[in-house]
Amino acid sequence: MKSAESGYWHLTTDQLRPGDLYTYLVNGEQDFPDPTSLCQPQGVHGPSQAIDTSSFYWEDQCWVNPPLENYLLYELHTGTFTPEGTFQSLESKLDYLKALGVNAIEIMPIAQFSDSRNWGYDGVYTYAAQSSYGGASALQHLINTCHYKGIAVVLDVVYNHFGPEGNYLGEFGPYLTDKYCTPWGKAVNFDDALCDGVRRYVIENALMWFRDFHVDALRLDAVHAIKDFSPVHILQELRADVDRLMAVTGRRHYLLVESDLNDPRFINPLSHEGYGMDSQWMDEFHHALRVAIGEAKIGYYADFNGIAHLAKAYQDGYVYDGQYSEVRQKVFGRKAGNNPGEQFIVFSQNHDQVGNRKLGERSSTLYSYEALKLLAGAVLISPYIPLLFMGEEWAETNPFFYFVSHSEPELVESVQQGRMAEFAAFHSGGEVPDPQSDETYEQAKLQWNLLEEEPHRVLLRYYQTLIALRQQLPALYHLDRRKLAVFCHQEQETLIVHRWYENQQVLCLMNFSKQSQTIYIPTVGEANTPWQKLLDSADPEWQLPDESQPGSAPESVSGSEAVLCQPESIIIYAQHHEQSRFHLPAPISPKLYLS
């Protein structure tokens, strides 16, 4: 190769063809895989393989990425979503997701990592789709099939750090800097000497997923951990380059971020000195919701009081937007008053909130069956984009542990010791599952056979109904935060969320206490028009056969009338809902999706 400016080396040749294995011989001393490898068939330490991503025949020319406000996200981990754990096997479940009402899947990181068991956040080949999942061609086929079935694809990417095992980037250039300290060691070099090439490395990766793989959106992991004090932040530069790509291709792509800074600068447009990200995960909604349902106020939950903070999350997005935080011991956050609802993504579970518990417990093993229905309702009636975590819709009972499969003994021991230290004070009881163990990984796989059993089948139908309500009622699917009011009663542990669009009104009554509570219908909406019940999580159809049947809420009520709300339940009333021609989809037949 010939030396060029800015530290680059280059060669144009016809000797390297698709299927060939190759390495770079650095300084004439040692072979290393390609840092921009598209394929690592022999793992992170083996040679790279040349492939031609342009050879795939796309059939999604008519595909249109839905408006972001219409997204209903479903987060999944490729390796544990199906027994086989591949892109191909994932395709077999797309009809199930479509029947559930999902129109966008969010795939946890698939950049090549060591061996075959990993969450994906330890990827070291940012451009290579994990070979054990099927590699680049299988990923393209999956996305093509998703688009055929009307499902958008969001890919989780990690630009705040690179994984440890097989990370040879330092042999090729100043990809890392010790200018900053991060939880993973040296920071990615976004603003230190010779950072220009590193910035292009990241931006070109994002553009590749959009251009060559037809990914619809990227979810950028923990952008608060990106250290960049350049005049133009790396996210701003990324936004501008993605905008230029969209102008050329005519396709719409979204940039979603995880951030715990409560700073609307990340989601404000470039024209308002923001970073231009389209939306962000909102952990504070989750924290307030979990405390409201009974989560112990320890760790980061200690900052949240439950009902009152949940009410604030519905209204303001951020719970902390200028108040003193006891956990952080400082005034924290800024108001996000002008940011529309689609700029926030909410959930009652996700991979972090489940997997970063000591025992990886899902909500199904932490809370009552009634509470699960209330949690689902609280998310799906929000004025934000809802996200479901794989299996929550049928109350999956298997835990979702943190798992890895490193081959370096010192690294394995470091990860094991780190997990034990992390949970020394946060959760009590039980041993920390060994992240390196194959058993830990196998236990995290979904049990699709549960679809045939109770209460899983009933809860699945309940989720279907809630999702259909959200997608068919304009008052719920229009994410206008200005057309929302919240009535909070802390002593009763009850909450009323009022949403409206044009003349349609929706009232959502939620009882988070473990006793029945009398809730009075507020004097909102049209005074002479009765409120018609659309859903009551305590109705007999959502109960288990062996349970005593609680009293159902009345089918019709008027303003100021009292409604008895059962423990841990949600009731949805509406005015002028008949204009939406609401109908339920056909029940999901488990046998269709078990093979």
Side-chain angles (χ1 to χ4, degrees), residues 262 282-328 332-333 335-336 341 344-350 353 363 366-384 386 466 476 481 483-499 506-524 535-538 550 553 560 562-573:
N262 286 18
M282 194 157 68
D283 283 344
E284 289 196 328
F285 181 95
H286 167 273
H287 300 344
L289 177 59
R290 296 290 282 257
V291 172
I293 208 71
E295 186 75 40
K297 295 176 64 175
I298 57 177
Y300 47 68
Y301 291 119
D303 252 349
F304 297 88
N305 64 19
I307 291 292
H309 277 167
L310 180 57
K312 190 175 192 309
Y314 277 120
Q315 292 176 305
D316 299 334
Y318 303 138
V319 173
Y320 283 87
D321 52 12
Q323 297 80 16
Y324 183 81
S325 160
E326 291 288 348
V327 171
R328 295 179 176 86
F332 180 70
K335 289 190 179 297
F344 300 96
I345 298 167
V346 297
F347 34 79
S348 68
Q349 304 180 65
N350 63 41
Q353 305 304 335
S363 296
L366 295 172
Y367 310 118
S368 69
Y369 174 66
E370 298 304 320
L372 298 183
K373 292 184 288 182
L374 175 54
L375 288 170
V379 169
L380 287 163
I381 60 92
S382 76
Y384 308 117
L466 264 176
L476 292 183
R481 293 171 57 200
K483 296 179 179 178
L484 173 142
V486 182
F487 306 87
C488 175
H489 197 306
Q490 284 186 265
E491 292 181 1
Q492 282 190 326
E493 298 182 68
T494 60
L495 205 62
I496 301 175
V497 174
H498 174 215
R499 297 186 59 194
V506 172
L507 277 180
C508 307
L509 284 57
M510 290 177 277
N511 177 13
F512 286 87
S513 77
K514 291 178 171 54
Q515 293 82 37
S516 299
Q517 299 289 354
T518 298
I519 301 178
Y520 288 89
I521 300 295
T523 53
V524 295
L535 179 141
D536 181 356
S537 65
S560 300
V563 175
L564 186 65
C565 199
Q566 298 300 323
E568 298 180 314
S569 69
I570 178 171
I571 306 169
I572 300 177
Y573 284 105

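Numbers for residues simply follow the sequence, beginning at 1.
Listed by chain and residue number, Gln492 satisfy the side chain to side chain donor-acceptor pair (under 3.5 Å) test with Thr494 (two or more places apart in sequence, or in another chain). With sequence neighbours excluded, no residue forms a side chain to side chain donor-acceptor pair (under 3.5 Å) with Asp283. Residues that satisfy the salt bridge (Lys or Arg N to Asp or Glu O under 4.0 Å) test with Lys335, not counting sequence neighbours, are Asp321. Applying the side chain to side chain donor-acceptor pair (under 3.5 Å) criterion to Asp536, with sequence neighbours excluded, gives no partner residue. Residues meeting the salt bridge (Lys or Arg N to Asp or Glu O under 4.0 Å) test with Glu284, sequence neighbours left out: none. For Arg290, the salt bridge (Lys or Arg N to Asp or Glu O under 4.0 Å) partners two or more places apart in sequence, or in a different chain, are Glu295. Applying the side chain to side chain donor-acceptor pair (under 3.5 Å) rule to Tyr318 yields the partners Gln280; only residues at least two apart in sequence or on another chain are considered. Residues forming a salt bridge (Lys or Arg N to Asp or Glu O under 4.0 Å) with Lys483 (at least two apart in sequence, or on another chain): none. Evaluation of the ring pair (Phe, Tyr, Trp, His ring centres under 6.0 Å) rule for His489 yields no partner, not counting sequence neighbours. Partners of Tyr369 according to the ring pair (Phe, Tyr, Trp, His ring centres under 6.0 Å) rule, which considers only residues two or more places apart in sequence or in another chain, do not exist here. Among residues two or more places apart in sequence or in another chain, the ring pair (Phe, Tyr, Trp, His ring centres under 6.0 Å) test is passed with Tyr573 by none.
Here the CE-CD distance, from Met510 to Glu493, works out to 13.5 Å after rounding to the nearest 0.5 Å. Note: Cys508 SG to Ile572 CD1 = 4.5 Å, rounded to the nearest 0.5 Å. The distance from the CG atom of Leu476 to the CG atom of Leu380 is 9.5 Å, given to the nearest 0.5 Å. The distance from atom CD1 of Ile570 to atom CG of Leu535, rounded to the nearest 0.5 Å, is 7.5 Å. Here CD of Gln315 is found 10.0 Å from CG of Leu310. Values are rounded to the nearest 0.5 Å.
A donor-acceptor contact under 3.5 angstrom links the side chains of Asp303 and Ser325, judged on distance only.
Within a 6.0 Å sphere centred on CZ of Phe487, heavy atoms belonging to other residues, nucleotides or ligands number more than 12.
Remark: of the listed residues Phe285, Phe344, Tyr384, Phe285 is the sole one forming a ring-ring contact (aromatic ring centres under 6.0 Å, His included) with Tyr314.
The aromatic rings of His287 and Phe304 sit perpendicular, their planes meeting at an angle over 60°, well past the 30° parallel limit.
The stretch residues 367-380 participates, sequence neighbours left out, in these salt bridge (Lys or Arg N to Asp or Glu O under 4.0 Å) pairs: Glu370-Lys373.
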